[in-house]
Amino acid sequence: MGTVTASDLRQGPEIQQIQVSVVLPVYNEQGNLKPLSSELAEVLGDEYENWEVLFVDDGSTDGSFETLKEIHDADSRFKVVKFRGNFGQSPAIDAGLDYAAGDVVVTMDSDGQNDPRDIPKMVNKLDEGYDCVSGWRKERNDPFSKRLFSRFASGLRQTFLGTELHDYGCTLKAFRRPAAKDIDLSGEMHRYIPALLKWRGYRIAEIEVNHRPRRNGETSYSWQRLPKGFMDLLNVWFWQKFSGRPLHIFGGLGILSMFIGTLGGMYSAWLKLTAGANLSNTALPLFAVFMIMIGVQFFISGILADIGIKGYQHAKKEEPYRVREVIE
């Protein structure tokens with residue numbers, strides 16, 4: 001009998017359907033990869049007959065890719081997607097979700113802080129009727145500064161997005177295949193996956209998971225991610241509220257601006273006609289004209305955005321990453 005390839009597995013369940021795919025973005029985690037792969041093989045082998053692990057190398061420079069090839073050579077169920085450069089965690093997760101062939105897809109960090117023993121618990125939670133189960137690191141083993149920034153960011157996300165998750169930053173998540181394939185990520189958008197899925201009508205749950213100290217290497221997290229994450233937060237909020245009706249927000253701002261400008265113009269005319277005021281000494285007429293012009297521009301922008309949204313929905317998706325090599 002010939003060797004069954006990953007492409008064969010994707011053709012249908014009549015050959016051999018993979019039950020669980022585990023996706024791990026990798027960036028300079030050489031010292032953590034072999035211990036973590038051993039844990040994954042033990043947990044997945046005990047729980048599932050057919051499984052796969054996809055490491056996505058996001059341009060590592062510390063020899064991580066060579067270690068991943070050694071792991072694959074020892075067990076072909078460990079597969080590797082190598083990027084041409086460093087594109088970021090969100091594109092790495094996005095690529096893993098694209099290449100995953102399992103009925104259930106689990107994402108987790110490759111630094112060893114997420115516990116593989118939580119995977120069966122999260123998969124079982126999906127059986128209660130959920131499409132996505134997100135991990136909650138209730139007891140975090142992170143530096144105080146990282147926990148402080150994370151708590152502040154979590155509060156902002158709850159305020160803007162309206163979801164009640166305790167932990168938006170936990171990479172450990174489990175998805176049913178339709179939900180996993182319905183995710184498009186870029187920037188720092190991986191933190192908003194539950195909100196994006198909930199917006200699209202999927203059922204979301206959260207369970208407590210174990211969070212372990214980092215064993216090797218240093219975290220790539222820094223305060224510089226906060227402004228990037230905040231901009232992505234505004235992006236998600238805008239898309240949730242107005243992606244289907246951009247004319248509502250731009251048109252509303254335009255009408256408000258034109259209304260203010262009209263009031264300013266009427267008041268200028270009243271001053272001139274009733275009080276004989278010299279309007280050359282005030283900027284009120286210019287302000288009125290300016291507000292009306294801004295309002296018109298907002299309104300036209302809303303119409304153009306509405307046309308652009310409809311065009312985007314029919315456009316071909318361009319992936320936010322570039323793959324150099326796939327080992328499967």
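Since we're looking at a predicted model, the values are computed, not measured. Just the heavy atoms: all of them, side chains too, but no hydrogens, waters or symmetry mates, feed the values below.
One distance of note links CG of L304 with CD of Q297; it measures 11.0 Å at 0.5 Å rounding. Expressed to the nearest 0.5 Å, how far CD of Q30 lies from CD of E66 amounts to 8.0 Å. To the nearest 0.5 angstrom, H211 atom NE2 is 5.0 Å from R137 atom CZ.
Side-chain atoms of D111 come within 3.5 Å of backbone atoms of Q113 as a donor-acceptor pair (strictly under, hydrogens ignored). Side chain of S257 to main chain of G254: no donor-acceptor pair is present (N/O by atom type, distance under 3.5 Å, no hydrogens or angles). Of the possible polar contacts, none joining the D115 side chain to the R212 backbone as a donor-acceptor pair under 3.5 Å is found. Proximity of a side-chain donor or acceptor of D58 to a complementary backbone N or O of A92 within less than 3.5 Å is not detected. Within the 3.5 Å criterion, the main-chain N or O of S60 finds no donor-acceptor partner in the side chain of S64. Between the side chain of Q19 and the backbone N or O of N50 there is at least one donor-acceptor pair closer than 3.5 Å. In this structure, T274 contributes its side chain and W270 its backbone to a donor-acceptor pair below 3.5 Å. In this structure, K173 contributes its side chain and C170 its backbone to a donor-acceptor pair below 3.5 Å. Here the side chain of K125 pairs no donor or acceptor atom with the backbone of A205 at under 3.5 angstrom.
No side-chain donor from either of N210 and D118 sits under 3.5 Å from a side-chain acceptor of the other. When only modelled atom types and interatomic distance are considered, E52 and S21 share a side-chain donor-acceptor pair under 3.5 Å. Between the side chains of T171 and Q89, a donor-acceptor pair is found at a separation under 3.5 Å. For the residue pair D57 / Y27, no side-chain donor-acceptor distance below 3.5 Å is found, with atom types taken as modelled.
By the rule that hydrophobic residues join a cluster once side-chain heavy atoms approach within less than 4.5 Å of another member, I71 and V26 end up as members of one cluster. Taking hydrophobic clusters as Ile, Leu, Val, Met, Phe, Trp and Tyr residues chained together by side-chain heavy-atom distances below 4.5 Å, V22 does not share a cluster with V81. Residues Y130 and I119 share a hydrophobic cluster, clusters being chains of Ile/Leu/Val/Met/Phe/Trp/Tyr side chains in contact below 4.5 Å. When the side chains of ILVMFWY residues are joined at heavy-atom separations under 4.5 Å, either directly or via intervening members, V104 and L197 end up in two distinct hydrophobic clusters. A continuous path of hydrophobic side-chain contacts links L24 to V80 [ILVMFWY only; heavy atoms under 4.5 Å].
Take F78 and apply the ring-ring contact (aromatic ring centres under 6.0 Å, His included) test, not counting sequence neighbours, and it matches W51.
For the side chain to side chain contact (heavy atoms under 4.5 Å, CB included) criterion with T107, the lone passing option out of L97, I193, L172 is L97.
In this structure, the side chains of T61 and N28 come closer than 4.5 Å at one or more pairs of heavy atoms.
The neighbour count for F65 CZ, taken as heavy atoms of other residues, nucleotides or ligands under 6.0 Å away, is above 12.
Of all heavy-atom pairs between P120 and R117, the closest is CD-O, 3.5 Å. Contact record, E206 with D167: OE2-N, 3.1 Å, taken as the closest heavy-atom pair. Closest approach of L54 and G96 over heavy atoms only: CD2-O, 4.5 Å. The two residues G102 and R177 make their nearest non-hydrogen contact at O-NH1, 3.4 Å. Across S110 and N32, no two heavy atoms sit closer than the pair O-CB, 3.5 Å. A100 and V105 get closest at one heavy-atom pair: CB-CG2, 3.9 Å.
F87 and F83 have perpendicular rings, their planes meeting at more than 60° on a 0 to 90° scale where under 30° would count as parallel.
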Please tabulate, one pair per line, all N/O donor-acceptor pairs under 3.5 Å involving side-chain atoms of residues 282-296, not counting sequence neighbours.
| from | atom 1 | to | atom 2 | distance (Å) |
| --- | --- | --- | --- | --- |
| T282 | OG1 | L284 | N | 3.2 |

